[in-house]
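Report on one structure; see the data block that follows.
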There are 2 protein chains.
Amino acid sequence: MTYKVQQKLIDDSNKNKELYLPSVSIDCTVFGFSEGILKVLLIRLKQAKQWGLPGGYLKKEEDLHTAAQRILRDRTGAGEIFLNHFNTYGAPYRSQGFFKDYPDDLWNKQRFISIAYYALIDFSTLTPTPGEYTKSAEWIDLHELPELMMDHGQILEDALIQLRRDLNYKPIGLNLLPPKFTMPELQKLYETLLDKKLNRGNFYRKMMRYGILTKLNETRKGGAHKAPDLYSFNQEVYEKTLKEGLQESW
Amino acid sequence: MTYKVQQKLIDDSNKNKELYLPSVSIDCTVFGFSEGILKVLLIRLKQAKQWGLPGGYLKKEEDLHTAAQRILRDRTGAGEIFLNHFNTYGAPYRSQGFFKDYPDDLWNKQRFISIAYYALIDFSTLTPTPGEYTKSAEWIDLHELPELMMDHGQILEDALIQLRRDLNYKPIGLNLLPPKFTMPELQKLYETLLDKKLNRGNFYRKMMRYGILTKLNETRKGGAHKAPDLYSFNQEVYEKTLKEGLQESW
DNA sequence: TTTCTATTGTTTCAAAATGAATCAATAGAA
DNA sequence: TTCTATTGATTCATTTTGAAACAATAGAAA
């Protein structure tokens, strides 16, 4: 490691110690959907070979959600995003492998308990731009995942499981469709997130029964074949459903 | 505050700083069920007026789940308990009110991000005993909750919501019944956790369909009226169901 | 302009699940 | 021996689901 790199590390380390709460980090799994393709936002830190989830630290007086938003914004330029906390990762030596070539007194090398969030956005509206510490920031297709640093592979896997489970409880994902959308578009979203084909008629019927959609007097012309109807959310019912959930079972 | 109390505080503070990771704490919401009554394990710290959830800190090289287990054991004497992480609480000044009369350099007064777990056990098998820092540790009926310290009221409320939701996914709670149990006992458990009456015939039918129960060739004699059949879990199917969940919906 | 075709909107019908009620069996109490 | 409350299990109507069908239609092809 050159002297210059070494010095930058020490400077950053001191700055971090000043600014951030020790022991706590935040990792965000940002899923991106567009036209039937599901991607995830990954970054590569400078000097790192492996990809990882965008993450960061918590400022000493900062709220957790605010921090998660800020970290995402720094990495991606994304604005207000609906973030869901789903798990916490704190195995004692989870970062040991990653930092093995770094000095032990590096602030970043201490043990961190990482609070994990996931989010879902439209990747076509966002071109990731690498930030100060990252050499790459890209949307990676979920079917072409590289090996990830530390326990980020596990975090990503868990996030996807949680996202799929949440689909049963919340009209999640609707917030990444445009204001007006068609039933096939909505179905495609569900199929992509679940990685599973759904029956068209049954999907239509079930969605309509939830009552969260308002059918507009417009169709999406332009494509070949029959023009599909356009829908928007019934914002009122949508909010209510977000709180109460789609189904109960017991 | 007397000199002696003050000195103890400082000693503990130094000991804590030595032993534990900064910024991270753990809170456990332990629900206790027995004979149709649902309670929660609450403690009162020495010098504290309000009740709170049993919580503690994470040792510098300790695993999160191990720490949660240890904290629970210290407070309750409980052995191996199935703990579920459900949320994290980290509002910047969440403990400010509680510690307002304490010196600012007290280790415990720093900002903590609390990792929250819930557990479910049979309260009749466990008599809580106050530990070193607690003057009381008791099972409190869920319908007679006192006001709790800090954000513990919120944590408890969230834990119950999560527990109820998990009932749809996991045969949770079964682990707090004795090895042999009756269908009415199982139903009572569900009714208590959900705070809702369930139809007897339908509950029976649904439970049987899951296939997680094995009917034994025994009945529970002794009570008045017809003796109910005894069941045990089909351990194999139980494990599988824990992984895959009871229902999918999509 | 007419015909064709793939896609969409909606319905149908059988199968499965659910809700509510019923009936037979039975352990202990009267 | 009879009575009674509870349990095990089933019935039946209703609702939901799964799978398929049919009608409508925008643009492509002829």
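What you are looking at is a predicted structure, and each value in this text was computed from that prediction instead of being measured. Side chains included, hydrogens not; waters and symmetry mates left out as well; all remaining heavy atoms used. To find a chain, count down the sequence lines: A is the first, B the second, and so on, and within it residues start at 1.
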Using Watson-Crick geometry (N1-N3 plus N6-O4 or O6-N4) or G-U wobble (N1-O2, O6-N3), each under 3.5 Å, D:dT14 is paired with C:dA17

By the Watson-Crick or G-U definition, both distances under 3.5 Å, C:dA30 is matched with D:dT1

Chain B vs DNA chain C, heavy-atom contacts under 4.0 Å, first-to-last nucleotide span, 5' to 3', is C:dA17 to C:dG28

*asked:* If you take the centroid of each ring, where Trp contributes its six-membered ring, are B:Tyr210 and B:Tyr238 closer together than 6.0 Å?
replied: no

Worksheet entry | Salt bridge A:Arg94-A:Asp151, side-chain N to carboxylate O under 4.0 Å | yes

- Can we say A:Lys196 and A:Glu191 salt-bridge, meaning some charged N sits less than 4.0 Å from an Asp/Glu carboxylate O? no

Notebook entry, point to check: Just wondering, do A:Ser136 and A:Trp51 contact through their side chains at under 4.5 Å, heavy atoms?
Noted result: yes

Taking atom [atom2] of [N] as reference, at what distance in whole Å does atom [atom1] of [X] sit?
{"X": "B:Asn202", "N": "D:dT16", "atom1": "CG", "atom2": "C1'", "answer": "15 Å"}
{"X": "B:His225", "N": "D:dG8", "atom1": "NE2", "atom2": "P", "answer": "14 Å"}
{"X": "B:Arg220", "N": "D:dT7", "atom1": "CZ", "atom2": "C1'", "answer": "14 Å"}
{"X": "B:Arg200", "N": "D:dT6", "atom1": "CZ", "atom2": "P", "answer": "10 Å"}

* Can you label the angle between the B:Tyr117 ring and the B:His85 ring as parallel, tilted or perpendicular, going by 30° and 60°? => tilted

Query raised in the report: Any side-chain donor paired with an acceptor under 3.5 Å for A:Asp158 and A:Tyr118?
Result: no

On DNA chain D, more 5' by nearest nucleotide between A:Ala227 and A:Asn199 is A:Asn199

* Asked: Any donor-acceptor pair under 3.5 Å between the side chain of B:Arg205 and the base of D:dG8?
  -> no

Reckon A:Arg209 has a side-chain N or O less than 4.0 Å from the OP1 or OP2 of D:dT17? yes

